[in-house]
Novice: 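Provided herewith is a single structure, encoded as structure tokens, for subsequent inquiry.
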Number of protein chains: 2
Amino acid sequence: MRIGALATATGTTTKTLRFYEQAGLLTDPPRTPGGYRDYPAHTTARVDFIRSAQAAGLSLAEIRDVLAIRDGGQPPCTHVTTLLGRHLADVERRIAELETTRAMLRELTRTASTIAPETCTEGDICRILAAD
Amino acid sequence: MRIGALATATGTTTKTLRFYEQAGLLTDPPRTPGGYRDYPAHTTARVDFIRSAQAAGLSLAEIRDVLAIRDGGQPPCTHVTTLLGRHLADVERRIAELETTRAMLRELTRTASTIAPETCTEGDICRILAAD
DNA sequence: CTTGACCTTCCAGTGCAGTGGAAGGTCTAG
DNA sequence: CTAGACCTTCCACTGCACTGGAAGGTCAAG
């Protein structure tokens with residue numbers, strides 16, 4: 001599997017994949033005699049993992065750490081569990097923050113729906129929220 | 001209230017506050033005779049809003065839009081509800097992604113706890129996860 | 001043998017959200 | 001009146017995650 005095929009399969013670009021390699025997220029793949037990168041099929045799963053972890057807000061540095069563990073690197077189990085725990089706490093904190101914001105946005109939407117029809121006449125200024 | 005007091009009150013820096021002003025998130029405050037920014041007390045609420053919205057993952061550009069509405073700007077109510085709905089959908093998508101990641105991290109932590117004691121001897125390589 | 005798609009490396013630039021520092025002005029306490 | 005804290009503007013720089021483009025190599029089809 002060459003880099004273009006991997007990019008297509010994962011919804012990324014060849015640029016991004018080379019960048020991931022340079023950033024230590026993808027290990028240097030074998031090369032064809034012509035010097036082309038030749039990825040094993042399971043690399044798609046690795047790239048998918050990177051994208052989903054990233055979509056969840058982890059930085060590439062964090063994802064690289066998780067992948068290093070996944071690759072069976074040096075860190076001992078205690079280090080591993082510490083790292084996982086830290087990531088988990090971080091994710092839970094983010095979820096809590098987002099839930100707060102969701103509540104705020106729902107409240108604003110509700111307010112908007114109660115205010116809307118009469119007060120928002122043509123040319124009027126729409127004031128869903130009271131002033132500070 | 002001068003800029004240093006506002007920064008202290010909101011846990012930001014004077015640099016950040018000037019940056020927010022330049023970015024259109026804070027309106028140009030009145031000035032003292034000496035040329036110092038002199039904020040009304042309720043500006044703390046505005047900055048707090050910015051920080052909480054930002055903690056939830058909204059960009060400064062998005063927050064600026066919301067604040068423009070809050071300031072009773074031009075956009076009609078329909079525009080407001082559209083904007084709120086879009087933000088809400090975005091936040092809900094992010095929450096779903098984070099919940100997926102949380103499940104993943106919990107699963108990894110669980111795997112770690114079952115593998116740990118025996119296999120992770122001194123100098124051994126800790127392999128919590130199977131290869132791809 | 002040439003065309004075109006695809007690949008290589010390398011270097012530079014983008015957008016976001018600040019952050020640092022220079023050079024200088026204002027105000028209050030001692 | 002001077003020291004120090006605090007403020008002003010302006011310009012440049014950081015870190016992250018790419019993205020673009022130049023200059024050139026590889027390979028299959030026609």
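Convention: sequence-line order gives letters A, B, ...; per-chain numbering from 1.
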Novice: By nearest nucleotide on DNA chain D, pick out whichever of A/Ser59 and B/Ala5 is the more 5' one.
Specialist: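 Counting from the 5' end, the first nearest nucleotide belongs to B/Ala5.
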Novice: Which residues pass the side chain to side chain contact (heavy atoms under 4.5 Å, CB included) test with B/Arg93, not counting sequence neighbours?
Specialist: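 With sequence neighbours excluded, B/Arg93 shows a side chain to side chain contact (heavy atoms under 4.5 Å, CB included) to B/Asp90, B/Glu97, given in chain and number order.
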Novice: Looking at B/Val91 and A/Thr101, what are the two nearest heavy atoms and their distance?
Specialist: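 So the minimum-distance heavy-atom pair works out to CG2-CG2, 4.2 Å.
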Novice: Counting only N and O atoms by type, is there a donor-acceptor contact under 3.5 Å from the side chain of A/Asp38 to the main-chain atoms of A/Arg2?
Specialist: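 Looks like no, no N/O pair under 3.5 Å.
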Novice: When the axes are fitted on five pairs at both termini, how much does the helix from C/dC1-D/dG30 to C/dG30-D/dC1 curve, in 10° steps?
Specialist: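 Taking five pairs per end, the axes differ by 10°.
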Novice: Sort me out a list of protein N/O and nucleotides 27-30 of chain D N/O pairs below 3.5 Å, or just none if empty.
Specialist:
{"unit_1": "D/dC27", "atom_1": "OP1", "unit_2": "A/Gly34", "atom_2": "N", "d": "3.4"}

Novice: Can you find a heavy atom in the side chain of B/Ile50 that is under 4.5 Å from one in the side chain of B/Leu26?
Specialist: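 Counting from C-beta outward, B/Ile50 and B/Leu26 do come under 4.5 Å.
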Novice: Please identify each residue that fulfils side chain to side chain donor-acceptor pair (under 3.5 Å) with B/Thr44, with sequence neighbours left out.
Specialist: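 Once residues adjacent in sequence are excluded, B/Thr44 has no partner under the side chain to side chain donor-acceptor pair (under 3.5 Å) criterion.
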Novice: Could you tell me which residues satisfy side chain to side chain contact (heavy atoms under 4.5 Å, CB included) with A/Glu92, sequence neighbours excluded, listed by chain and number?
Specialist: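 Applying side chain to side chain contact (heavy atoms under 4.5 Å, CB included) to A/Glu92 gives A/Leu88, B/Arg102, B/Arg106.
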Novice: Show me the side-chain donor-acceptor pairs of residues 61-68 of chain A shorter than 3.5 Å, one per line, residues at least two apart or across chains.
Specialist:
{"unit_1": "A/Glu62", "atom_1": "OE1", "unit_2": "A/Ser59", "atom_2": "N", "d": "2.8"}
{"unit_1": "A/Arg64", "atom_1": "NH1", "unit_2": "A/Ala23", "atom_2": "O", "d": "3.4"}

Novice: In residues 9-26 of chain A, which residues come under 4.0 Å of DNA chain C by heavy atom?
Specialist: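 When residues 9-26 of chain A is checked for heavy atoms under 4.0 Å from DNA chain C, the hits, listed by number, are A/Lys15, A/Arg18.
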Novice: Which nucleotide of DNA chain C is the first, and which the last, in the 5' to 3' direction, to come under 4.0 Å of a heavy atom belonging to chain A?
Specialist: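 Range of nucleotides within reach of chain A: C/dC6 to C/dC10.
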Novice: Can you pull the side chain to side chain donor-acceptor pair (under 3.5 Å) pairs that have at least one residue in residues 19-28 of chain B, sequence neighbours excluded?
Specialist: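 Sorted result for residues 19-28 of chain B: B/Tyr20-B/Arg51, B/Tyr20-B/Gln54, B/Glu21-B/Arg37.
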Novice: Going through the checks in order, is the side chain to side chain contact (heavy atoms under 4.5 Å, CB included) test met by B/Leu60 and B/Phe19?
Specialist: CA-CA 11 Å; B/Leu60 293 191; B/Phe19 173 76; 3.6 Å; yes
Novice: With sequence neighbours excluded, what pairs up with A/Thr14 under the side chain to side chain donor-acceptor pair (under 3.5 Å) test?
Specialist: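 Partners of A/Thr14 under the side chain to side chain donor-acceptor pair (under 3.5 Å) test: none.
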Novice: Holding to side chain to side chain donor-acceptor pair (under 3.5 Å), I want the full list of residues that pass it with B/Glu99, two or more places apart in sequence or in another chain.
Specialist: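 Testing B/Glu99 for side chain to side chain donor-acceptor pair (under 3.5 Å), a comparison that skips the adjacent residues, returns none.
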Novice: Hey, is the side chain of A/Gln54 poking within less than 4.0 Å of OP1 or OP2 on D/dC16, counting only N and O atoms?
Specialist: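 Indeed not, no polar side-chain atom of A/Gln54 lies that close.
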Novice: Could I get the full list of side chain to side chain donor-acceptor pair (under 3.5 Å) partners for A/Thr13, not counting sequence neighbours?
Specialist: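 Here the qualifying residues are A/Thr16.
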